[in-house]
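Accompanying notes for the structure given below.
What's counted below: heavy atoms across the whole structure, side chains too, no hydrogens, waters or symmetry copies.
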Amino acid sequence: TSGGVRFSMLAALRAFASEKLEQALERAATEARHAGYYVSLGKKLAADVDANNDARVEDRLALEVENLTAVIERARNQARPSTGVVTMALEAALALDAIVAQRASASEQLALLDRALSLADGKGVAARVLLRGHVARGEARRLVGSFDQARVDLNTALDLAAKESDAAGETRAHLGLGSIALSTQKLGAAEDSLARALSLAENARDDVSAGRALSQLGKVSRLRRRLDESEARCRRAVELLTRARDQRGAGRARVELASTLLSARKLDDAARVAHDAIDALGALGGLGDRRSLVHAWGTLAVIEVDRKRFDDAESAATRAVDAAVKVADRKAEGLYLGMRASALHARGALIDARETYAHASRTLFDVGDDAYGAFFTAALGAVHAALDDVDGASRSFALAERRVSTAERPLLAFAVTTFATLLVLARAGDAETQRRARDAIKARVDEARARGGAFEQSEEVRFAVRIAQTALGSELTG
């Protein structure tokens with residue numbers, strides 16, 4: 001029972017029981033009854049998890065992981081599984097998806113769905129079940145960064161939704177496609193998909209899907225610097241998701257609202273909303289919620305930097321790093337280590353800033369993010385310069401220049417090289433040299449704007465500028 005003790009059957013006893021069932025010619029019937037019971041239970045519990053975000057229901061569903069996984073593995077071990085057996089396996093995977101998404105890594109979630117969907121080819125599984133499977137796998141692929149494969153799944157889901165006139169399935173697929181477009185900075189495609197999802201959700205009076213679409217549309221508006229529109233969308237999203245008792249969705253919408261208020265320079269409101277998001281997500285405790293907490297704490301760190309509350313910024317960045325470590329998100333770990341280093345740098349703790357910048361750079365280089373790794377290496381060079389370590393500064397700037405040349409993001413690459421120049425010359429150069437350096441930086445900014453087009457929309461460039469401004473204060477003015 002929920003909250004009670006459950007004993008596992010010893011492997012020897014399990015093998016003995018299986019042999020007896022085989023001898024009595026009852027194995028297939030017993031396995032079918034087992035699958036029917038646990039898939040039915042799993043579907044009910046998964047629906048409760050989606051509707052109520054209740055940790056107790058998640059705990060109850062978690063108790064059935066072994067039983068539901070057994071349904072999938074038995075189907076995979078059959079040479080020619082029937083349509084019914086394959087359908088049960090896919091339904092089992094979808095029931096587990098409700099908690100795997102919160103309590104395991106995205107790669108584990110993807111592996112589970114891959115195993116179940118691989119059985120379904122040519123087996124005549126009902127289109128609505130396949131649709132849900134492709135939407136779930138599309139989301140898992142998005143989380144691991146396999147955007148092209150995720151689009152394939154979600155477009156397959158759209159085709160199935162059209163054939164079945166399944167508006168709810170179409171809504172979920174458009175939400176997923178909008179998320180992918182946002183992740184890849186394709187703002188026009190994101191707005192189109194999310195607006196379609198919102199329209200479908202509003203027609204169905206589905207507050208949860210409408211709220212989630214509005215939250216992401218708020219991000220699109222923010223990236224396009226339409227901040228009043230972004231704030232209105234995010235506040236409406238929080239309202240709808242709170243009314244629907246979707247605490248998880250409301251918490252994530254609050255993170256987006258805090259980011260918008262930060263961009264609008266409403267810093268006190270932004271801090272309050274970020275704290276509300278942290279409280280809401282922290283109360284849930286699932287892995288997916290902890291992923292969201294990484295960004296909630298990180299957003300709060302940026303807010304506190306802009307409020308010049310550097311001790312609070314360091315504390316929030318440290319919490320973001322700790323949360324990133326717990327969910328094995330090494331890129332976020334590196335980014336927020338860099339934010340923590342900038343707060344240390346701003347309040348003059350140069351030795352600690354030097355070590356933390358170095359840690360941030362190593363972490364980002366390890367995960368292949370040469371652009372941000374190079375940026376924090378350049379910031380490390382600034383600390384060396386402040387400590388009168390000319391050799392250390394030279395080594396850091398040389399490494400930053402070398403590594404950024406392999407980066408795929410020219411807008412951030414410009415930040416590394418120009419800030420590297422300014423950081424050292426602002427302290428070491430004479431007035432004429434500094435003037436020439438600033439002229440060169442302006443030219444590089446103009447070049448990046450002309451080449452990149454999306455310069456003003458680039459979150460990572462604004463993040464880089466904020467880090468540099470925090471670390472050097474008035475030295476970057478002008």
Side-chain angles (χ1 to χ4, degrees), residues 50-53 171-172 174-179 181-183 185 187-188 190-284 288-289 291-307 316 320 456-457 459 462-463 466:
D50 289 340
N52 301 313
N53 303 147
T171 302
R172 292 194 296 273
H174 277 300
L175 280 170
L177 288 167
S179 294
L182 260 177
S183 297
Q185 291 286 301
L187 301 186
E191 188 145 33
D192 289 345
S193 291
L194 294 169
R196 178 59 178 158
L198 177 61
S199 176
L200 289 165
E202 288 177 336
N203 287 339
R205 297 182 179 178
D206 177 356
D207 283 352
V208 170
S209 295
R212 293 180 179 183
L214 276 166
S215 178
Q216 293 191 77
L217 281 166
K219 182 172 183 177
V220 172
S221 298
R222 174 168 59 83
L223 294 175
R224 287 181 158 168
R225 308 302 290 170
R226 302 193 307 242
L227 299 181
D228 289 344
E229 178 182 80
S230 177
E231 182 178 345
R233 283 174 160 177
C234 291
R235 289 193 184 281
R236 178 62 175 157
V238 171
E239 178 186 342
L240 288 175
L241 293 164
T242 301
R243 185 170 73 193
R245 297 181 179 179
D246 182 358
Q247 187 175 352
R248 178 167 292 130
R252 293 170 181 172
R254 285 188 176 95
V255 176
E256 187 53 50
L257 175 58
S259 296
T260 294
L261 293 168
L262 168 63
S263 295
R265 314 305 298 161
K266 299 177 180 179
L267 300 181
D268 291 342
D269 283 349
R272 177 183 52 77
V273 172
H275 279 292
D276 288 346
I278 288 165
D279 289 344
L281 294 166
L284 293 170
D289 308 310
R291 291 189 192 107
S292 298
L293 269 174
V294 174
H295 302 295
W297 280 114
T299 299
L300 181 60
V302 178
I303 292 166
E304 298 297 16
V305 160
D306 281 12
R307 295 167 91 192
E456 295 294 348
Q457 298 170 12
E459 280 199 310
R462 288 201 296 275
F463 181 83
R466 179 176 281 110

Nearest atoms (heavy-atom pairs only) where [X] meets [Y]:
X: A237; Y: G211; result: CB-O, 3.2 Å
X: A250; Y: V238; result: O-CG2, 4.3 Å
X: V273; Y: R254; result: CG1-O, 3.2 Å
X: A190; Y: G178; result: CB-O, 3.8 Å

Exercise for the section: Determine the sole option in T299, L293, D276 for which the side chain to side chain contact (heavy atoms under 4.5 Å, CB included) test with V255 is passed. Expected result: T299
Completion exercise
Result for side chain to side chain contact (heavy atoms under 4.5 Å, CB included) between D246 and one of L240, L241, D207 points to L241
From [X] atom [atom1] to [Y] atom [atom2], the distance as rounded to the nearest 0.5 Å:
X: L281; Y: Q247; atom1: CG; atom2: CD; value: 8.0 Å
X: R212; Y: L198; atom1: CZ; atom2: CG; value: 14.0 Å
X: L182; Y: L217; atom1: CG; atom2: CG; value: 8.5 Å
X: I278; Y: H295; atom1: CD1; atom2: NE2; value: 12.5 Å
X: C234; Y: E239; atom1: SG; atom2: CD; value: 13.0 Å
X: L214; Y: L194; atom1: CG; atom2: CG; value: 9.5 Å

Look at [X] together with [Y] and state whether they make a salt bridge at an N to O cut-off of under 4.0 Å.
X: R226; Y: E191; result: yes
X: R233; Y: E256; result: no
X: R224; Y: E229; result: no

Exercise for the section: Could you give me the CA-CA distance, side-chain angles and deciding distance for L261 and R235, then say whether side-chain contact (heavy atoms from CB on, under 4.5 Å) is met? Expected result: CA-CA 11 Å; L261 293 168; R235 289 193 184 281; 3.9 Å; yes
Exercise for the section: Spell out, as yes or no, whether a donor-acceptor pair under 3.5 Å connects the side chain of S183 to the backbone of S179. Expected result: yes
Handout entry: Verdict with supporting geometry, S221 and S230, side-chain hydrogen bond (donor to acceptor under 3.5 Å, both in side chains)
Key = CA-CA 5 Å; S221 298; S230 177; 5.3 Å; no
Exercise for the section: Show your working on side-chain hydrogen bond (donor to acceptor under 3.5 Å, both in side chains) between S263 and R222 and close with a plain yes or no. Expected result: CA-CA 8 Å; S263 295; R222 174 168 59 83; 4.5 Å; no
Problem - Minimum side-chain heavy-atom gap E304-L267 below 4.5 Å - result: no
Practice task
Flag the pair R265 / D306 as yes when at least one side-chain heavy-atom distance between them is below 4.5 Å, and no otherwise.
Solution key: yes
Practice task
Carefully, step by step, assess K219 and T260 under the rule side-chain contact (heavy atoms from CB on, under 4.5 Å).
Solution key: CA-CA 8 Å; K219 182 172 183 177; T260 294; over 6 Å; no
Exercise for the section: Go through the steps to decide whether V208 and R245 satisfy the test side-chain contact (heavy atoms from CB on, under 4.5 Å), and finish with yes or no. Expected result: CA-CA 9 Å; V208 170; R245 297 181 179 179; over 6 Å; no
Handout entry: With A201 via side chain to side chain contact (heavy atoms under 4.5 Å, CB included) - residues at least two apart
Key = T171, D206, S209, A210
